[in-house]
Amino acid sequence: WHAGAMTGPTIAITYCTQCNWLLRASWLASELLSTFGAELASVTLVPGTGGVFHIDALPAGTDEPVRIWERKADGGFPDAAELKRRVRNAALPEWNLGHGE
């Protein structure tokens with residue numbers, strides 16, 4: 001473990017293995033890591049079943065996760081830009097997403 005990397009927020013992407021959503025989950029994880037890089041402590045893929053697809057953030061210094069996205073409640077899957085906005089708003093409020101925001 002790299003001690004310095006564990007200071008930022010953690011993200012968990014829970015996806016349904018029965019629905020074959022691993023590729024979508026891993027793509028979204030790579031989008032978050034490409035954008036936020038070392039600002040995140042980790043992005044974890046969590047296998048699930050029953051059509052589950054949700055993304056939670058645990059902001060640094062807290063022990064209460066924040067639901068960023070939930071497939072059933074939010075009506076499908078997030079696009080990368082929307083997911084990045086939600087992660088930023090919940091876990092990295094000082095982060096500037098740039099002109100695409």
Side-chain angles (χ1 to χ4, degrees):
W1 294 92
H2 182 265
M6 300 308 286
T7 60
T10 61
I11 308 295
I13 302 174
T14 303
Y15 65 95
C16 179
T17 58
Q18 297 167 312
C19 302
N20 295 314
W21 289 337
L22 172 60
L23 186 58
R24 183 185 308 267
S26 61
W27 173 72
L28 289 170
S30 69
E31 286 289 319
L32 293 177
L33 289 167
S34 294
T35 297
F36 298 110
E39 295 296 317
L40 298 174
S42 66
V43 177
T44 305
L45 299 178
V46 181
T49 58
V52 66
F53 191 94
H54 58 80
I55 301 168
D56 298 305
L58 183 63
T62 69
D63 46 2
E64 280 298 317
V66 176
R67 179 68 37 101
I68 300 294
W69 190 271
E70 207 285 314
R71 183 185 66 83
K72 292 176 184 172
D74 290 304
F77 300 96
D79 64 26
E82 178 64 19
L83 178 59
K84 291 173 188 180
R85 276 191 295 276
R86 290 186 183 204
V87 167
R88 189 273 318 271
N89 291 347
L92 294 163
E94 303 301 316
W95 188 269
N96 181 358
L97 287 171
H99 72 279
E101 190 167 9

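Across all their heavy atoms, Ala41 and Gly8 have their closest contact at CB-O, 3.2 Å. Between Glu64 and Pro59, the closest heavy-atom pair is O-CD, 4.0 Å. In plain terms, the two heavy atoms of Glu39 and Pro9 that are nearest each other are O-CD, 3.2 Å. Here the closest non-hydrogen pair linking Gly50 and Cys16 is N-SG, 3.7 Å.
For Leu45, the side-chain contact (heavy atoms from CB on, under 4.5 Å) partners are Ile13, Tyr15, Leu22, Ala25, Ser26, Ala29, not counting sequence neighbours. With sequence neighbours left out, the side chain to side chain donor-acceptor pair (under 3.5 Å) criterion links Thr14 to no other residue. Under the rule for a side-chain contact (heavy atoms from CB on, under 4.5 Å), the partners of Ser30 that lie at least two apart in sequence or sit in another chain are Trp27. With sequence neighbours excluded, the residues forming a side-chain contact (heavy atoms from CB on, under 4.5 Å) with Leu83 are Leu28, Leu32, Ile55, Ile68, Pro78, Val87, listed by chain and number. In this structure Arg67 satisfies the salt bridge (charged side-chain N to carboxylate O under 4.0 Å, His left out) test together with Asp56, sequence neighbours excluded. By the side chain to side chain donor-acceptor pair (under 3.5 Å) test, Arg86 is found to be paired with Asp74, Glu82, residues two or more places apart in sequence or in another chain being considered. Under the side-chain contact (heavy atoms from CB on, under 4.5 Å) criterion, Thr49 pairs with Thr17, Gln18, sequence neighbours left out.
For the atom pair CG (Leu92) and NZ (Lys84), the distance works out to 13.0 Å, reported to the nearest 0.5 Å.
Here ring-ring contact (aromatic ring centres under 6.0 Å, His included) pairs that include residues 28-50, with residues two or more places apart or in two chains, are Phe36-Trp95. Annotation: ring-ring contact (aromatic ring centres under 6.0 Å, His included) contacts involving residues 58-93, sequence neighbours excluded, comprise Trp21-Phe77, Phe53-Phe77. Listed by first then second residue, pairs satisfying salt bridge (charged side-chain N to carboxylate O under 4.0 Å, His left out) with a partner in residues 7-18 number zero, not counting sequence neighbours. Here salt bridge (charged side-chain N to carboxylate O under 4.0 Å, His left out) pairs that include residues 10-30, with residues two or more places apart or in two chains, number zero.
Under the 4.5 Å side-chain criterion, counting only non-hydrogen atoms from C-beta, Ile11 is not in contact with Ser42.
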